[in-house]
Amino acid sequence: MVAVMLVATIIAVVYLALIAMHVLAIRGGAAANGRYRPRIARWLAGRDERRRGRAERDAVHRLAAGTLDRASYRSAMAALAAQDAVEHPIELPKTKM
């Protein structure tokens, strides 16, 4: 019985390590090369995008409800855009001149 629990624990640890590696690869922008990415890894990697989406949605709702003025809304959107630019910088291909 103890051996079965030990094997199950080892399998679980290996599986969690593989998911963590996928999450790091997805967040790092590594190309999947057509390989399968576990759904849980994609979900975990997208946590920051969901957080920013909720912040944007909340700002829109507050603007529509009248509890946020236009200047504050623009400021909130600019802050979200700046944060996104830091986390996901645009990489332009290098051209020869």
Side-chain angles (χ1 to χ4, degrees):
M1 184 68 173
V2 173
V4 172
M5 291 298 292
L6 183 60
V7 170
T9 302
I10 291 171
I11 291 171
V13 168
V14 168
Y15 184 71
L16 289 174
L18 288 172
I19 288 175
M21 289 170 44
H22 281 293
V23 169
L24 291 174
I26 292 168
R27 284 187 179 163
N33 295 332
R35 293 182 308 218
Y36 172 74
R37 296 278 189 201
R39 275 190 265 178
I40 188 147
R42 290 192 312 253
W43 183 80
L44 289 171
R47 182 178 60 219
D48 292 334
E49 281 76 16
R50 288 190 303 277
R51 180 183 43 78
R52 281 193 298 277
R54 283 190 300 272
E56 184 174 351
R57 181 195 66 213
D58 292 344
V60 169
H61 284 279
R62 290 178 55 209
L63 178 66
T67 60
L68 190 67
D69 63 359
R70 283 184 170 187
S72 297
Y73 173 77
R74 285 191 200 114
S75 175
M77 291 299 105
L80 284 172
Q83 181 181 4
D84 188 58
V86 168
E87 293 175 6
H88 301 102
I90 295 175
E91 297 179 18
L92 299 175
K94 295 181 178 164
T95 58
K96 295 181 181 178
M97 304 258 308

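Everything quoted here is computed from the prediction, not taken from an experiment.
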(message) Could you measure the distance from the NE2 atom of H61 to the CD atom of E56? Nearest 0.5 Å is fine.
(response) 10.5 Å

(message) Taking side-chain contact (heavy atoms from CB on, under 4.5 Å) as the criterion, tell me which of V14, V7, V13 meets it with I11.
(response) V7

(request) Please round to the nearest 0.5 Å and tell me the distance separating atom CE of M5 and atom CD1 of I10. (result) 12.0 Å

(request) With rounding to the nearest 0.5 Å, note down the distance linking CG in D84 to CE in M77. (result) 11.5 Å

(request) Over all heavy atoms of both residues, which pair between L68 and L63 is shortest? Give the atoms and the distance, please. (result) O-CD1, 3.4 Å

(message) Tell me whether R70 at atom CZ has more than 12 heavy atoms from other residues, nucleotides or ligands lying less than 6.0 Å away.
(response) no

